Each structure stands twice: as structure tokens, then as C-alpha cells.
Protein chains: 4
Amino acid sequence: MTKDEAIRTEVLKAARALFQRFGLFKTTMEDIAKAAGKGKSTLYYYYASKDEIFDAVISEDMEEVMTVVNLAVEKANSAEEKLKAFTSHRIKLLTQKAALYSIVFGEISENPNLIKKLKKSYEARELEGLKAILSYGIETKEFKKIEDGDLDDLAYVMLCAFRGIEMGLFEDNRIKKIGDRLEIILDLLANGFKN
Amino acid sequence: MTKDEAIRTEVLKAARALFQRFGLFKTTMEDIAKAAGKGKSTLYYYYASKDEIFDAVISEDMEEVMTVVNLAVEKANSAEEKLKAFTSHRIKLLTQKAALYSIVFGEISENPNLIKKLKKSYEARELEGLKAILSYGIETKEFKKIEDGDLDDLAYVMLCAFRGIEMGLFEDNRIKKIGDRLEIILDLLANGFKN
Amino acid sequence: MTKDEAIRTEVLKAARALFQRFGLFKTTMEDIAKAAGKGKSTLYYYYASKDEIFDAVISEDMEEVMTVVNLAVEKANSAEEKLKAFTSHRIKLLTQKAALYSIVFGEISENPNLIKKLKKSYEARELEGLKAILSYGIETKEFKKIEDGDLDDLAYVMLCAFRGIEMGLFEDNRIKKIGDRLEIILDLLANGFKN
Amino acid sequence: MTKDEAIRTEVLKAARALFQRFGLFKTTMEDIAKAAGKGKSTLYYYYASKDEIFDAVISEDMEEVMTVVNLAVEKANSAEEKLKAFTSHRIKLLTQKAALYSIVFGEISENPNLIKKLKKSYEARELEGLKAILSYGIETKEFKKIEDGDLDDLAYVMLCAFRGIEMGLFEDNRIKKIGDRLEIILDLLANGFKN
DNA sequence: CATGAATGAGTTTTCATTCAT
DNA sequence: AATGAATGAAAACTCATTCAT
């Protein structure tokens with residue numbers, strides 16, 4: 001790693017921690033600079049703007065989550081296991097990389113275009129993954145047959161639901177409490193509530 | 001309605017529209033004042049701070065949603081119908097009152113205490129409603145038996161999931177596309193994916 | 001004059017003095033605020049930006065110069081007298097309102113569009129005035145006949161020349177030295193046009 | 001040419017292009033460094049400051065213009081021809097070396113002392129040249145007799161006028177339109193001086 | 001020789017809030 | 001009861017310049 005890259009990484013690390021705690025708006029360049037042990041203007045030597053830093057933080061987290069989740073999904077054998085792997089790994093990772101929460105989730109309705117694009121592209125890739133799992137499950141007859149048109153919507157709805165749940169888990173200290181019992185909940189979702 | 005109340009209502013109406021479009025941070029007191037046709041400092045005659053205005057907007061929306069949803073739930077007969085009433089009415093209302101989305105959902109992790117409290121209290125009431133539905137369903141044997149300890153968590157997880165879905169629907173133009181087919185999706189969730 | 005207008009005038013007055021001495025770039029909002037005895041942010045209550053202040057200063061000066069010069073030109077009887085009135089009054093006024101120099105003249109090649117437009121419109125009006133004088137002189141046979149196509153160019157060249165001279169007079173202390181003998185010089189230049 | 005000199009020349013070339021387009025203020029050291037294909041701090045190895053670079057650029061242009069113009073003036077036979085040579089060559093050259101315009105002309109009222117001195121010395125030499133032409137014309141009886149005291153002022157005024165015209169020609173696309181008809185215009189102006 | 005790295009001191013701008021009237 | 005006027009504090013961003021290597 002070049003020195004340049006090393007510093008960029010340091011800056012990102014500092015920024016990540018702050019974004020996680022305070023969000024995009026309430027984190028100032030000053031904050032990041034101090035946390036990184038650099039002068040404020042030094043940040044601008046490495047990144048063109050605050051947005052670009054946020055962008056970089058998110059992108060990094062995004063890639064890591066995608067990689068790990070995909071790997072876990074591949075390893076799983078049945079569709080149900082894949083689905084569980086998908087959700088449980090996402091949660092485990094996102095729990096640590098809560099910065100993602102702000103993009104994957106709310107906060108950013110009114111925000112920089114740059115970031116909106118990021119979100120879209122991330123979402124698209126996630127949807128692909130999820131649809132693949134569902135399709136696979138339908139093929140193997142594990143899952144109920146779903147109309148092709150509905151599959152897109154279902155995947156989207158599920159992704160949204162997962163996000164919502166993940167957000168919920170970040171807040172409070174429910175993470176630990178629920179994190180463990182996730183299995184039970186996933187079972188319920190898979191099998192439905194009805195008797 | 002006294003004149004004082006009338007003005008407070010006007011201010012709230014203007015603020016609501018702006019919060020919905022631009023969020024808490026990007027909406028300035030200036031914006032609100034202009035939209036309300038008042039002087040900026042006049043706002044301070046009626047509300048102590050920007051936060052308090054946001055607070056008031058959210059509270060109003062909150063109450064309305066709660067009232068309407070609860071009514072619909074009561075009217076429904078079976079637990080499944082109640083659940084569907086809960087979700088579908090929430091979505092219908094929140095679609096119009098998108099300001100709520102920002103508090104019920106993201107954006108505000110880093111935010112004013114005042115608002116955090118609001119969120120908590122709203123959430124608590126929603127949870128009660130949801131748990132009541134689930135309990136009712138279990139009693140009537142419509143729903144599977146769930147451990148009492150798990151019931152809390154399940155309700156919470158479900159609420160989060162709903163929120164996530166609702167957020168997703170706000171974005172894009174998916175609202176219409178999916179809004180109609182919501183039934184199908186709710187069925188799936190109720191019955192599970194497994195064959 | 002409303003209080004608002006009074007303050008706007010004060011701000012402009014302070015700004016004008018600074019722009020004249022230090023130019024657009026080297027004059028800061030801080031400078032203007034201090035000179036006006038206001039807080040820096042107060043300026044933004046009255047003017048949206050630094051550019052807008054500069055704009056206002058220039059516009060005011062512009063109008064005044066135009067008005068006075070036009071009046072003097074009208075009063076003069078012969079074309080030659082009109083031409084002399086045009087130049088000598090311009091110089092006299094611009095000597096006091098040197099802020100104009102920066103727009104009428106250089107400094108602003110690379111500048112805000114707002115200001116470029118101002119310059120263009122000012123220039124256009126000046127050109128009209130000058131062309132009117134020349135046309136009048138040609139009609140009355142005072143001046144040599146000039147092709148219509150050339151008239152535009154000649155007026156433009158003359159205007160440029162006047163500007164150049166005006167700029168030159170601002171610098172140094174030549175103003176006084178030359179100002180008086182301006183007549184002689186104008187005579188010399190004018191002879192070229194006379195029949 | 002030593003390597004050192006070669007690089008200094010490269011830097012100047014890059015800087016010249018930028019100063020011409022964007023002026024002194026809007027051209028940053030960063031810009032120059034990039035354009036020269038060097039590191040920003042490298043510039044400081046060769047030049048002590050931004051001002052010094054600007055200084056060097058102007059000086060070079062200045063010398064060239066002076067040399068060429070003087071040569072053309074010498075070659076011309078009559079005073080009128082000399083005057084025309086003076087103006088037309090200046091314009092031709094300055095058209096290409098527009099950087100000069102910013103010093104010879106406006107922009108720089110508020111500027112570095114270094115540069116003000118440059119301007120003065122350049123101006124002094126130009127004035128000498130112009131006065132020489134005028135004196136020569138008076139001697140040869142081509143031009144009207146002028147009081148010695150007035151000669152200085154006339155030369156100065158003429159120089160200023162030329163500058164103004166030159167500035168005007170740079171702007172717009174008038175250069176071509178007028179550049180050609182310059183003869184006509186010079187004739188008109190010259191008639192004032194001719195006996 | 002050359003420069004990557006770093007920054008201090010500024011710059012414009014924003015905005016919630018205050019207060020005299 | 002209402003607001004015009006004012007602002008402090010902070011924000012993002014700029015840039016000429018320095019310096020260790």
C-alpha cells in the first residue's frame with residue numbers, strides 16, 4: 001500500500017466512525033480532520049469534498065458486505081438456508097458497519113445525487129442476489145410458485161423488510177437480544193404466521 | 001378555534017409540506033416562514049424552536065395515523081384481516097403523510113432528544129397494537145403459537161419490516177405498482193414462502 | 001426612504017469605497033461588514049451574495065454617469081461640443097466613481113456572468129449615445145461622412161479609447177495635471193473627425 | 001539553454017496560457033503546476049512566488065512587444081507611418097499575447113507592488129517611443145506644433161487610448177471584424193494630428 | 001532536483017435564534 | 001401580537017506556501 005493509500009484509508013476510518021455515530025449532516029470536516037489527526041485542509045488534498053468522503057466510506061462497506069454475504073449464500077445448500085444466510089450475514093455485518101444504514105436506509109431522501117446513485121446501484125445488486133435465491137427455491141420446489149411479474153416486487157418488498165428490521169436492530173440494544181433469536185423469526189417468516 | 005390556534009395550524013401545515021419534501025435538516029426556518037406567509041421571528045412567537053415545530057408536525061401525523069389504523073383494525077374480524085388492515089391502512093396513510101417516514105424511519109439517528117422521545121412513544125403504541133393483533137390471532141388459533149417472550153420480539157421485527165417496506169414504497173414510483181398488489185404480498189408473508 | 005433602503009445604501013456606500021480601493025477580489029465580505037458597522041451575516045440579510053453587492057454598486061454608478069452625461073450632451077449645441085461634453089463629463093464623473101473602472105475596464109475578464117451582462121448592457125447604451133452624437137455631426141456636416149457600417153466600429157473604437165484614457169487618468173495623480181488641459185487634447189483628437 | 005532554464009521556460013509557457021485565459025487571481029498554482037506537468041511545490045523551486053511567475057510572464061511578453069514594435073517604427077519613413085506602425089504592430093502582437101493586457105490594462109489596481117513597478121517601467125519605455133514619433137512628426141512638419149509640456153500629456157493620452165482600443169478588440173470577436181479596418185480608423189484619428 | 005504531503009489563514013455562505021419596537 | 005433587523009457560530013471549501021525527504 002502506498003503512503004497515499006494508507007492515509008486515505010486512515011481518513012476513511014475516522015470518517016466512518018463519525019458518520020456512524022452522527023450521520024452525514026452532523027459530521028463536519030473539522031470533526032473528521034481532528035479524528036484523523038490531520039488538518040482540515042489536508043482532507044481536501046485526498047478527497048475533493050465531504051460528499052466524496054461519504055461516498056468512499058459507503059462504497060467500501062458496500063463491497064465488503066456484498067462479498068461476504070454472497071459467499072455465505074453460495075455455501076448454503078437449500079434455498080431456505082440461502083435465505084437465512086442472506087439475512088443473518090447481512091445483519092451481522094451491518095451491525096458492525098452501521099454507516100451503511102444511513103444509505104441503505106433513510107436519512108438521505110434529500111441528498112446528494114452522487115449518493116443516490118450509489119444507493120441505486122447497491123440496491124440493484126442486492127435485488128439480483130435475492131431474486132436468485134427465490135428463483136432457486138422455486139425451481140427446487142422448496143418455495144411456492146410465484147408469478148414472474150410478482151417475483152420482482154416480492155424481492156423488493158423483502159429487501160425493504162430486511163432493511164427495516166436491520167434498522168430496528170441497530171437502534172436500542174435489541175441487537176443482542178434479538179440477533180440470537182433471529183432463527184426463530186426467520187422460520188416464522190418462511191412459514192408464515194397462519195396455522 | 002382561537003386565532004392563536006389557527007396560526008399555529010397554518011405554520012404546521014407549511015412546515016409539514018416542507019419537511020416532507022426536504023427533511024428536517026434541509027428545511028430552514030426561513031423556508032417555513034415564507035411558506036406560512038409570516039416573518040421568520042413570528043415562528044418563535046408560536047414555537048420555541050425548529051425542533052418543536054418538527055415535533056408538533058410529527059405528533060399530529062402520528063395521532064391521525066394511529067387513530068385511523070386502530071379503527072380499521074377494530075373493524076376487521078379475523079386476526080389475518082386485522083393484520084392486513086394494519087399494514088394496508090398504515091401504508092395508505094403514510095403515503096400521504098410522508099413526513100412521518102423520516103421519524104418513524106431513518107434520518108434521525110443523530111437527532112434531537114425531543115424527537116427521539118417522540119419516536120419511542122409512537123413506537124410503543126404501535127407495538128401494543130400489533131401485539132394485540134398477534135395475541136388475538138393466537139387465541140383464536142388462527143396464528144401459530146408463539147412463546148410469550150418471542151411475541152415482543154416478533155412484533156418488533158414485524159413493525160420494523162413494515163416500516164422498511166413502507167419506506168421502499170415511498171421511493172420511486174413503486175407505490176402504485178406495488179400498492180395494488182399488496183394483497184398478494186401480504187398473503188405470502190402470512191403463509192410463508194415454503195411449499 | 002425606508003429604513004431598509006437606508007441600510008442598503010449604507011452598505012453600498014461602504015462597499016463602493018472598498019471596491020474602488022481594492023477591487024472585487026481583494027475586498028472581502030468581512031471588510032464590507034466592518035466598514036458598514038454591521039455583522040458579516042447582516043450583509044446577507046440585505047444582499048444575497050458578494051456579487052450582488054458589487055452588482056448593485058456598479059449599477060448605481062452606471063445610472064448616475066449615464067444620466068449626467070446624457071444631460072450634458074443634450075445641452076451642447078454642436079456635434080463637437082457634444083463629443084467634448086460626452087468625454088469630459090464622463091471623465092469628471094468616473095474620476096469620482098472609480099468603481100466603475102473595474103467593470104467598464106479590465107479586471108473582470110474572468111468574472112461572474114451577472115457582471116458581464118451588466119457591462120454589456122452599459123456598453124450598449126453608451127454606444128448608442130456616442131453613435132447618436134456622431135450621426136448628428138455627420139448630418140450637420142460638422143463631421144466627415146462615414147460609411148454606415150464603419151459608424152458602429154468607429155463608435156466602439158472611440159468608446160474603447162475613451163475608456164483607456166479614463167483608466168490612465170485614474171492612475172497616478174495625472175488627473176489633476178491633465179484634467180485641466182483635457183480641452184486641448186480633445187481638440188487634437190477631434191480634428192480628425194472634423195470636416 | 002541549461003535544463004534549469006528549460007524548465008523555467010516551460011513553467012512560464014504554461015502560466016502564460018492560464019493567465020491569458022483566467023487572469024492573475026483565478027489562476028492557481030495548482031493550475032500552473034498541472035499545466036506544466038510538474039508538482040506544485042516544484043514551481044517554488046524555480047520561482048519564489050506566484051507573483052514572481054506573473055512578473056516573469058509579463059516581462060517576457062513586454063520585451064518582445066517592445067522589440068518588434070520598435071523595429072517596425074524604425075523601418076517606417078514618415079511620422080504618420082511610424083504612428084500607424086506603432087499601433088498596428090502593438091495590436092497584432094498583443095492580440096497573441098493577451099496576458100499583457102491585464103497588466104498594461106486593468107485588473108491590477110489593487111495589486112502586488114512588484115507588478116506595479118513593472119507596469120511603470122514598461123509604460124515609461126512605451127511613452128518614450130511614442131513621444132519620439134510625435135517629436136519626429138513635428139520636426140518634419142507632418143504634425144501640428146505642440147507645446148513641449150503638452151507633448152508628454154498627449155503621448156500619455158494617446159497611449160491610454162491605444163490601450164483602451166486594444167482591450168476592446170480582445171473582447172468579443174471584434175478583433176477580426178475591426179482588425180482589418182484598423183487602417184480606416186487610424187486615418188481618422190491621425191487626421192487630428194496632421195498638418 | 002523534485003515533490004508529495006501538509007496546512008494556516010482566509011473566504012463565502014448558512015441559519016437558528018434573539019430582541020427592540 | 002408580530003416582525004424587521006441583526007448576528008454569532010459554524011460550515012464547506014480554497015490556496016499560496018512550506019518542508020522533509
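Here is the naming used below: chain letters follow the sequence lines, and residue numbers restart at 1 for every chain. Side-chain atoms are counted along with the backbone in the values below, which use heavy atoms only and exclude waters and symmetry mates. Quick caveat: nothing in here was measured; it's all calculated off a predicted structure.
- Between the A:E60 side chain and the A:A56 main chain, no donor and acceptor come within less than 3.5 Å of each other.
- Between A:K38 and A:E10 there is no salt bridge, since none of the side-chain N atoms of the basic residue sits less than 4.0 Å from a carboxylate O of the acidic one.
- Between C:K26 atom NZ and E:dG10 atom P there is a gap of 12 Å when expressed in whole angstrom units.
- Atom pair C:E5:CD and F:dA5:C1' shows a separation of 15 Å (rounding to whole Å applied).
- When rounded to the nearest whole Å, the span between NZ of D:K50 and P of F:dT14 equals 14 Å.
- In this structure E:dA9 sits in a base pair with F:dT14, meeting the Watson-Crick or G-U test at under 3.5 Å.
- The separation between A:D31 atom CG and F:dA12 atom C1' is 13 Å, rounded to whole Å.
- Looking at heavy-atom distances under 4.0 Å, A:T28 makes contact with sugar-phosphate atoms alone, never a base.
- Across the protein-nucleic acid pair, B:I32 atom CD1 and F:dT3 atom C1' stand 17 Å apart, rounded to whole Å.
- Ring planes of C:F54 and C:F19: perpendicular class, angle over 60° (limits at 30 and 60°).
- The pair C:D31-C:K26 fails the salt-bridge criterion, with no side-chain N (NZ, NE, NH1 or NH2) lying under 4.0 Å from an Asp/Glu carboxylate O.
- Between the side chain of C:K40 and the base of F:dT7, no donor-acceptor pair under 3.5 Å is found.
- Distance B:E30 CD to F:dT3 C1': 12 Å, rounded to the nearest Å.
- The phosphate of F:dT17 (OP1 or OP2) has a side-chain N or O of D:Y44 nearer than 4.0 angstrom.
- Both D:T27 and B:I7 lie close to DNA chain F; mapped to their nearest nucleotides by heavy-atom distance, the more 5′-ward contact belongs to B:I7.
- Using a 4.0 Å heavy-atom distance criterion, D:K38 is classed as a sugar-phosphate-only contact.
- For D:K50 (side chain) and D:L24 (main-chain N/O), a donor-acceptor pair under 3.5 Å exists by modelled atom type.
- We find that CG of A:L43 is positioned 14 Å from P of E:dA5, with the value rounded to whole Å.
- Between the CZ atom of B:F25 and the C1' atom of E:dC15 there is a distance of 13 Å, rounded to whole Å.
- Residue contacts for C:D4: at a heavy-atom cut-off of 4.0 Å it reaches the sugar-phosphate backbone alone, with no base atom in range.
- A sub-4.0 Å separation between OP1 or OP2 of E:dT7 and a side-chain N or O of A:T42 is present.
- Residue C:S41 has its side chain nearest to F:dA9 when only E:dT7, F:dA6, F:dA9 are considered.
- The residue among D:M29 and C:Y45 whose nearest nucleotide of DNA chain F is located toward the 5' end is C:Y45.
- Across all strands shown, F:dA1 remains unpaired; no Watson-Crick or G-U wobble contact has both distances below 3.5 Å.
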